[in-house]
Amino acid sequence: MLTRREFIKYVAIGSASILLGCAKKEAPVTPTETPIATPTYKAEFILGYGKDHRLKGGKWGIGFFPKIHVLERLVEYDLKNDDYIPNLAKMWEIEQDGKVITFELNKGIKFSDGSEFNAEAVKFTVEWLKLNHPLGEETFESAEVVDDYTVSIIYREAKFFNLAKMAEFHMSIMSPKSVEPEGDPNGKFVLPIGTGPFKVVDYGEKQYAVYAPNEFWYERYGIEPKFKRFVVKFIKDEDTRVMALKSGEVDAISDYSHGGSDYTPRNQLGLLQKEGYKVFKRVIPLTWIIAFNYEKEPFNDVKMREAVDLAVNRDEIVKIFDNQVLPARTLFIEDAPGIKEAGVTYECNPEKAKQIIDELGCAGIEVDMIVDKAQSDQILVCQLIQQQLKDIGINVNLEILETGAYKQKRDAGEYDMRIYYIGGTDRRFYLRMFWRFHPARKWKAYVSERTGDLCEKILTEFDKEKRKQYLIEFYRAIHEEHGVVPLYFDIMTTVASKNVDVSYEEMFHYPNGIPFGEPLFYAAGVREV
């Protein structure tokens with residue numbers, strides 16, 4: 001058993017307490033004044049969403065929407081400041097270079113069924129994830145309860161990455177009553193019970209999920225919900241979701257919380273806004289890139305990769321999305337740690353690109369580019385890239401494949417280029433750094449000896465300033481080696497009807513100011529008309 005010692009608060013946010021307002025002396029109402037009516041809200045809020053919520057669980061657990069709205073995490077992540085923020089945990093101590101992290105928990109928090117959130121619940125979640133979840137299996141060794149509100153988590157490796165993972169979707173804390181028998185890490189998963197703003201009421205697989213406000217969460221923040229039921233209709237087709245919004249079948253539509261797919265068509269956002277719909281949009285550190293099969297000819301040659309990089313006109317690419325997304329002139333958005341300090345940008349210079357191809361004697365070379373037929377936007381992007389590369393002397397054979405055939409060719413390495421994404425919503429910044437640029441991962445975007453070593457250092461270093469310097473060196477290395485070609489930065493959106501009341505701050509922040517990359521609906525309501 002670990003000895004308990006004075007905790008080091010690794011990071012803190014100005015957790016401003018919620019202001020409930022100051023008493024004001026009101027002026028008497030004169031006969032000419034009309035009192036402002038308090039809005040009334042419909043009992044039900046209906047959301048259109050492209051993914052099933054998997055509330056019965058699965059290989060990777062429940063869906064991302066309920067992980068954000070039903071469950072909470074020990075910590076959250078502030079991308080702009082590269083800080084980990086206390087949430088269910090109020091402070092923590094890093095031990096043995098990160099092999100052990102001991103968390104002191106906030107007291108007085110309840111799960112939606114009224115049971116107490118405590119160290120036993122965290123221990124149960126860690127043990128359940130270790131036995132039932134791929135990320136948990138590779139992350140956790142064990143957990144030990146120090147006292148009712150203190151728990152030590154022992155990880156498989158000593159790394160900063162361990163703390164970063166605790167803000168990840170999959171590491172959300174659930175009640176031991178979420179399984180049967182209760183508290184058994186080997187038990188059968190029933191339904192998620194969490195400390196977040198929503199609690200599960202009903203679920204029809206591939207059809208709908210119904211939630212209600214978690215009264216204990218709202219009490220914790222001193223606010224009132226504007227709905228009694230929150231219904232999510234699963235509508236897979238993107239155009240059908242838009243039509244459901246326009247017809248009044250749903251009150252809002254939202255992107256898949258994971259990012260990168262099942263989203264509202266970007267070229268319809270401007271039109272919807274002109275029609276009076278409310279569009280909430282947030283740029284996230286998810287970058288769509290060209291990934292090369294860089295271990296074989298012709299793209300094992302850095303000069304060939306450079307030519308492709310220089311040939312791409314990002315300003316033309318974002319026009320496909322009605323300029324709703326941003327051209328990627330850096331590897332990640334400027335809020336990502338170290339990006340501005342790295343001082344590297346990706347330029348478009350077709351003349352120089354053509355010169356490189358001519359000097360290599362590769363004019364007229366043919367390469368294969370694969371794209372998933374299910375990604376309609378990406379087909380358009382690939383077709384534009386095909387034309388841009390033709391202009392410099394590279395002929396692209398574009399293969400538009402059914403999803404199964406695409407994955408088969410991808411896995412077999414039977415391609416020269418493909419469209420891929422790096423990053424994700426804010427909380428996944430370091431996780432995707434690992435998945436896309438670390439030598440240990442199967443499906444990498446790019447790894448060289450230099451970049452792989454830097455990636456390992458980034459994921460090990462707890463000191464924020466040292467880690468930033470490694471990130472700066474990493475960005476420069478990727479740029480110098482032309483490892484990938486950044487195309488555009490993706491966004492996270494919600495589109496709501498005119499009668500929906502919710503602010504941008506509420507959509508992308510907790511009530512205490514903690515930033516979220518994913519849309520939140522705790523404050524949303526539909527005004528009666």
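Everything numeric in this text was worked out from a predicted model, so none of it was measured.
Ion pairing of D301 with R305 is absent here, as no side-chain N (NZ or NE/NH1/NH2) approaches a carboxylate O to less than 4.0 Å. Taking the charged nitrogens against the carboxylate oxygens, K303 and E306 do have a contact shorter than 4.0 Å, which makes a salt bridge. A salt bridge links D453 and K457; the closest N-O separation between the charged side-chain nitrogens and carboxylate oxygens is under 4.0 Å.
Side-chain polar atoms of E351 and Q355 form no donor-acceptor pair below 3.5 angstrom. For the 3.5 Å distance criterion, the side chains of S172 and R73 qualify, holding a donor opposite an acceptor. Looking only at atom types and distance, the side chain of N293 has no donor-acceptor partner in the side chain of D416 under 3.5 Å away. In summary, the side chains of D82 and Y430 do present a donor paired with an acceptor at a separation below 3.5 Å, with no hydrogens or angles considered. A side-chain donor-acceptor contact under 3.5 Å links K67 and H170.
A heavy-atom distance below 4.5 Å is found between the side chains of Y221 and Y510. Side chains of K59 and P134 form a contact here, defined as non-hydrogen atoms less than 4.5 Å apart. For the pair E518/R427, a side-chain contact is recorded, criterion being any heavy-atom separation below 4.5 Å from C-beta on. Between Y346 and D309 there is a side-chain heavy-atom pair separated by less than 4.5 Å. Inter-residue side-chain proximity for L47 and F230 is flagged as met; some heavy-atom pair is nearer than 4.5 Å. Residues Y488 and R314 are not in side-chain contact: their nearest non-hydrogen atoms beyond the backbone lie 4.5 Å or more apart. Residues Y277 and L245 meet the side-chain proximity criterion, which asks for heavy atoms closer than 4.5 Å.
When every heavy atom of D262 is checked against every heavy atom of K236, the shortest pair comes out as OD1-NZ, 2.9 Å. Minimum heavy-atom separation, L163 to V75: O-CG2, 4.2 Å. When every heavy atom of P337 is checked against every heavy atom of Y77, the shortest pair comes out as CG-OH, 4.0 Å.
Each of D490, D377, D322 was scored for a salt bridge (Lys or Arg N to Asp or Glu O under 4.0 Å) with R266, with one residue passing: D490. Considering F169, F64, W60, F65 in turn, F64 is the only one that fulfils the ring-ring contact (aromatic ring centres under 6.0 Å, His included) rule with H258.
Residue E341 qualifies as enclosed at atom CD: its count of foreign heavy atoms under 6.0 Å is above 12.
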**Study point:** side-chain contact (heavy atoms from CB on, under 4.5 Å) between I478 and L331, intermediate numbers included
**Key:** CA-CA 9 Å; I478 291 288; L331 192 63; 4.2 Å; yes

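Ring-centre distance between Y294 and F299: not below the 6.0 Å cut-off.
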